[in-house]
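Encoded as structure tokens, the structure appears first; notes follow it.
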Amino acid sequence: MAKELPKRFNYQETEDEIYKRWEESGYFNPEKCVEDGIVEKDAETFTVVLPPPNVTGVLHLGHAYEDSLQDAIIRYQRMLGKRALWIPGTDSAAIATQARVEKKIRKEEGKNRHDLGREELVKRVSEYAKNSENTILKQIRKMGASLDWSRYAYTLDDKRNLAVATAFKRMYDAGLIYRGNRIVNWDPKGQTTISDDEVVHEERKAKLYTFKYSKDFPIAISTTRPETKVGDTAVAVHPDDKRYKKYIGKEFDVVFCDVPLHIKVIADESVEKDFGTGALGVTPAHSYIDWEIADRHDLPRPQVINEYAKMMVEGRLSGKKVLAAREEIVGWLKEENLLESEEEVEQNVSTSERTGAIVEPLPKLQWWVDVDKKFKIPHSEIPGIESGSETSLKEIMRRSVESGAVKMPQERFRKIYSHWIDNLRDWCISRQIWFGHRIPIWYRDDEIYCDVTPPEGDGWHQEEDVLDTWFSSALWTFSTLGWPEETEDLKVFHPTSFMSPAYEILQLWISRMILMSGFHLGQVPFKTVMIHGLVRDEKGRKFSKSLGNGVDPLEVIEQYGADALRMGLLVGSNVGNDVKFSMSQVKGYRNFTTKIWNVTRFLLMNLKNYEPSDKPLHKEDQKIVDEFKNVVKDVTKNMNKYRISNAAEDLYHYAWHTFADEILENSKDIMQGDDKERKESRQHMLVEIWADTLKMLHPFMPFVTEELYGYLPLKSSNKLLMVESWPSQ
RNA sequence: GGGCGAUUAGCUCAGUUGGCUAGAGCGUCUCGUUUACACCGAGAAGGCCGUAGGUUCAAGUCCUACAUCGCCCACCA
């Protein structure tokens with residue numbers, strides 16, 4: 001018996017209530033689905049982990065897009081009858097979160113982190129994180145995301161802490177984590193090391209100065225950073241360079257701007273004869289390349305710039321900031337008549353992604369992950385890497401993708417990935433902040449101890465540094481499933497099925513998940529990676545505060561409903577390309593929401609005396625069903641290939657312009673006619689097709705379809721649409 | 001410096017292994033208040049598929065150059 005539908009879908013009032021219904025059903029958890037007989041006990045699994053948003057974050061369109069995309073896929077897979085699991089979680093985002101709280105404390109209390117001390121600061125940051133955690137979680141629910149909240153994980157909760165410490169220890173024991181004094185990217189503003197991937201290059205104009213250290217030094221060198229030259233210990237030339245051959249091996253004592261230097265002339269293949277004077281002043285402590293040259297020639301490596309980007313030398317440069325020192329030196333060079341030329345050049349300056357500060361290369365004692373070191377892998381499911389064979393982390397990263405164990409259907413991202421692997425260097429994992437996973441290393445005199453728990457006995461002190469936030473993120477596919485315990489979840493749901501990150505974090509995150517999963521489990525972390533693009537505004541610009549073009553997804557939901565927002569984000573561009581977001585599109589899909597609402601309303605009005613039956617259809621109706629099966633086929637095919645946009649568009653077109661505009665219109669006569677049998681067949685056909693259409697629309701527009709589905713007079717069940725079966729082809 | 005992508009209707013984009021008389025949504029225009037829907041319906045206009053070559057029976061689709069825009073990687077000091 002058909003119920004009367006309200007005139008319009010009131011999404012503001014209904015969406016939250018529908019979400020609650022889903023959540024209370026327990027069907028976001030595949031185990032509950034099995035328990036209730038909705039899914040077979042040994043059905044195939046389909047697992048996705050949510051890229052964890054920062055706890056302190058607020059939902060933005062990027063999240064909204066990611067949530068829509070993954071939810072569409074997970075809902076589809078659930079309807080296919082798989083044990084579909086989507087795991088929610090949040091990330092502590094060490095540097096970002098601490099920086100935010102420090103700023104707040106500075107502003108409100110005028111204190112810095114040292115005034116508070118480690119314990120107090122960590123407490124305050126944790127509290128702050130805890131408070132804002134709920135905001136983002138509520139907002140994710142607003143999108144309709146069908147996440148299994150019973151498995152919620154946070155990078156700093158107990159289980160994840162254990163996972164991180166265990167991962168560190170096992171890699172340390174395997175010799176893949178080491179402590180080493182090397183050049184790092186130092187952020188003088190954030191007072192911490194940052195990884196290569198957190199450095200952004202900015203093109204700026206700079207001056208290239210060419211000069212000699214002193215009057216009696218025979219060779220001129222060029223540099224854009226004269227202030228580092230007080231740290232020079234050598235001048236390198238190409239071994240074949242005729243101009244300088246006679247000086248190779250000679251050593252000179254000079255006084256450069258009050259600083260005595262001992263310079264050795266060396267020959268090194270890495271020097272370009274044609275650049276500048278063909279001679280390179282070697283500053284081992286403040287240049288990555290020079291550090292490597294120093295390795296080859298066993299040069300001393302005096303540090304002349306400190307953590308605050310100030311000079312560490314005596315004399316007129318003493319205590320000066322880098323830029324001031326540069327001016328001072330240039331002035332001195334001019335006075336002494338040593339400056340041969342000054343040239344404007346375009347130069348890439350390394351800056352910190354987080355703080356914007358100019359990165360200072362400094363030698364520091366840091367913790368590293370060795371990506372090249374060979375180790376014996378006890379168990380491996382990665383094609384091309386045998387259990388018990390010798391391999392390296394880099395090899396794991398390469399083989400996982402090249403073998404197709406991790407599928408990256410988008411060729412261009414595969415290229416970017418392998419190119420990146422080729423150039424990969426050791427990964428610096430220590431950070432000089434306080435909020436995060438503290439490195440599980442303890443020191444006592446000359447002893448070093450590594451374990452998940454502190455050592456027995458007195459006199460030990462723990463390493464001060466915390467781990468790069470990506471270290472814990474890299475464990476995410478299996479730490480969320482209970483690793484290092486050998487849980488049932490881990491056996492059943494890992495490797496995960498699908499991951500859809502933004503292309504921005506391909507290197508930062510995807511490759512490192514592959515690394516960690518490969519090392520600790522001998523598995524790939526996921527079987528398919530679909531990289532997605534960025535959400536941009538109508539003009540193709542990034543959303544940013546300074547442009548004032550921000551769009552708050554929650555306001556869009558308030559105005560047009562979550563279903564319309566999801567469609568607006570998913571339709572119109574293929575996964576992998578940037579999404580241009582436009583309100584008029586969202587508005588269009590809100591109209592579509594109303595359309596399918598009214599289609600259902602009209603149907604119900606014409607089903608007054610309808611009873612579901614098994615009678616064969618009139619042949620004209622059967623023909624319409626057959627045509628519909630083609631749509632099912634197309635949509636299913638597109639879904640399977642992750643062509644979400646095409647699938648949604650096909651459905652949009654069918655529902656509106658075929659079903660509503662043609663089929664329904666043409667049914668009016670039959671409905672009002674006297675041929676009872678004809679009418680029954682028509683009603684039957686309409687209900688069946690419309691039910692299936694709602695099913696297929698459900699992954700895209702879960703709220704309105706769920707609501708409408710409950711009104712349809714169907715023969716079989718009245719369970720939630722969310723767990724109905726995908727239409728058969 | 002190296003690599004990658006984009007370029008199709010006014011706008012945003014589809015076009016899957018070459019078969020296209022090139023599509024959709026939005027926008028525009030004309031007509032229509034038929035009891036599902038004006039958050040609607042019927043219809044229309046609008047494209048040398050960036051440029052130039054090439055391969056092919058056939059090219060928006062493959063190849064080669066070029067142009068414009070965009071992205072990524074890279075410490076030529």
Side-chain angles (χ1 to χ4, degrees), chain A residues 5 7-9 183 185 196-197 199-201 206 208-210 221-225 228-229 232 235-236 270-283 286-293 345 347-350 359 361 409-420 422-424 503-504 506-507 533-534 536-541 560-561 564 567-568 571-574 576-606 634 637-638 641 643 645-646 648-650 652-653 656-657 660-661 664-665 668:
Chain A
L5 253 189
K7 199 155 186 208
R8 242 169 229 187
F9 180 45
I183 297 269
N185 307 302
D196 290 346
D197 308 287
V199 174
V200 286
H201 298 282
L208 182 68
Y209 302 97
T210 302
I221 54 160
S222 300
T223 182
T224 52
R225 298 200 56 192
T228 63
K229 298 289 107 182
D232 282 13
V235 163
S270 70
V271 180
E272 295 250 355
K273 281 187 277 191
D274 302 329
F275 187 86
T277 62
L280 167 67
V282 182
T283 323
H286 299 285
S287 153
Y288 186 81
I289 286 186
D290 295 4
W291 181 272
E292 291 188 331
I293 294 176
V345 290
Q347 197 201 20
N348 273 324
V349 179
S350 305
V359 171
Q410 302 138 301
E411 196 196 352
R412 66 183 150 124
F413 292 117
R414 230 163 36 230
K415 281 187 195 163
I416 291 174
Y417 179 83
S418 56
H419 183 248
W420 181 77
D422 290 341
N423 295 309
L424 189 64
Y503 52 68
E504 293 178 302
L506 179 61
Q507 294 97 321
L534 261 39
R536 296 170 178 277
D537 74 0
E538 281 144 302
K539 290 174 185 144
R541 302 172 304 183
Y560 295 119
M567 285 293 275
V571 184
S573 110
N574 275 345
N577 293 339
D578 287 347
V579 177
K580 294 212 175 106
F581 180 83
S582 104
M583 268 315 209
S584 65
Q585 258 192 67
V586 176
K587 195 177 156 192
Y589 292 114
R590 189 277 316 265
N591 296 352
F592 180 57
T593 310
T594 309
K595 188 71 192 182
I596 62 175
W597 186 267
N598 278 300
V599 166
T600 311
R601 213 155 75 92
F602 179 72
L603 251 185
L604 293 175
M605 289 168 81
N606 284 288
D634 284 347
K637 194 170 137 199
N638 280 328
K641 295 194 169 176
R643 285 201 282 258
S645 174
N646 302 29
E649 229 171 321
D650 287 352
Y652 176 95
H653 196 260
W656 198 322
H657 300 298
D661 291 348
L664 273 193
E665 284 303 321
K668 285 181 176 170

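Any value given below was found using the heavy atoms of this structure, including those in side chains, with hydrogens, waters and symmetry copies removed. Chain letters run A, B, ... following the sequence lines, proteins first and then strands; every chain starts at 1. As the structure is a prediction and not an experimental result, all values here were calculated from the model.
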Of the listed nucleotides [options], the one nearest the side chain of [X]:
X	options	answer
A:I289	B:rG41, B:rC75, B:rA24	B:rC75
A:D661	B:rG25, B:rA42, B:rA36	B:rA42
A:T594	B:rU12, B:rA77, B:rC37	B:rC37
A:Q585	B:rA77, B:rU12, B:rC75	B:rU12

Relative to the 5' end of RNA chain B, which residue comes earlier, A:Y589 or A:H201, by the nucleotide with the nearest heavy atom? A:Y589
Nearest-nucleotide 5' precedence on RNA chain B, A:I416 against A:R8: A:R8
Would you mind pulling out the nucleotide paired to [N], Watson-Crick or G-U wobble, both distances under 3.5 Å?
N	value
B:rC71	B:rG3
B:rG18	none
B:rU61	none
B:rC66	B:rG50
B:rU35	none
B:rU28	B:rA44

How long is the gap from [atom1] on [X] to [atom2] on [Y], to the nearest 0.5 Å?
X	Y	atom1	atom2	value
A:K595	A:D661	NZ	CG	5.5 Å
A:L280	A:S287	CG	OG	7.5 Å
A:Q410	A:Y503	CD	OH	11.5 Å
A:T593	A:Y560	OG1	OH	11.5 Å

Write down the distance between [atom1] ([X]) and [atom2] ([N]), rounded to a whole number of angstrom.
X	N	atom1	atom2	result
A:H286	B:rC75	NE2	C1'	14 Å
A:Y417	B:rG3	OH	C1'	18 Å
A:D650	B:rG25	CG	P	12 Å
A:W597	B:rC37	CH2	C1'	13 Å
A:N598	B:rG41	CG	C1'	13 Å

With rounding to the closest Å, how many angstrom separate the [atom1] atoms on [N] and [M]?
N	M	atom1	value
B:rG23	B:rG46	C1'	13 Å
B:rC76	B:rC63	P	32 Å
B:rU68	B:rA52	C1'	15 Å
B:rG10	B:rA45	C1'	12 Å
B:rG60	B:rU7	P	15 Å
B:rC48	B:rU8	P	11 Å
B:rU17	B:rG25	C1'	28 Å
B:rG15	B:rA58	P	25 Å

Quick one: label [X] by what it contacts on the DNA or RNA (base, sugar-phosphate, nothing), any heavy atom closer than 4.0 Å.
X	result
A:S584	sugar-phosphate
A:R225	nothing
A:D290	nothing
A:R590	base
A:K637	nothing
A:A236	nothing
A:K580	sugar-phosphate
A:Y503	nothing

May I ask you to test the A:I221-A:K229 pair for a side-chain heavy-atom distance under 4.5 Å? yes
Are [X] and [N] close enough that a side-chain N or O sits under 4.0 Å from OP1 or OP2?
X	N	result
A:K595	B:rG41	yes
A:N574	B:rG15	yes
A:N577	B:rA14	yes
A:W291	B:rC75	no
A:H657	B:rG25	yes
A:N591	B:rC40	yes

Just wondering, more than 12 heavy atoms not from A:K587 lying within 6.0 Å of its NZ? no
Between A:F592 and A:Y652, how do the two ring planes meet: parallel, tilted or perpendicular, split at 30° and 60°? tilted
Between the base of B:rA42 and the side chain of A:E665, is one N or O donor paired with an acceptor at under 3.5 angstrom? no
Without hydrogens or angle criteria, can the side chains of A:Y288 and A:N185 be said to hold a donor-acceptor pair below 3.5 Å? no
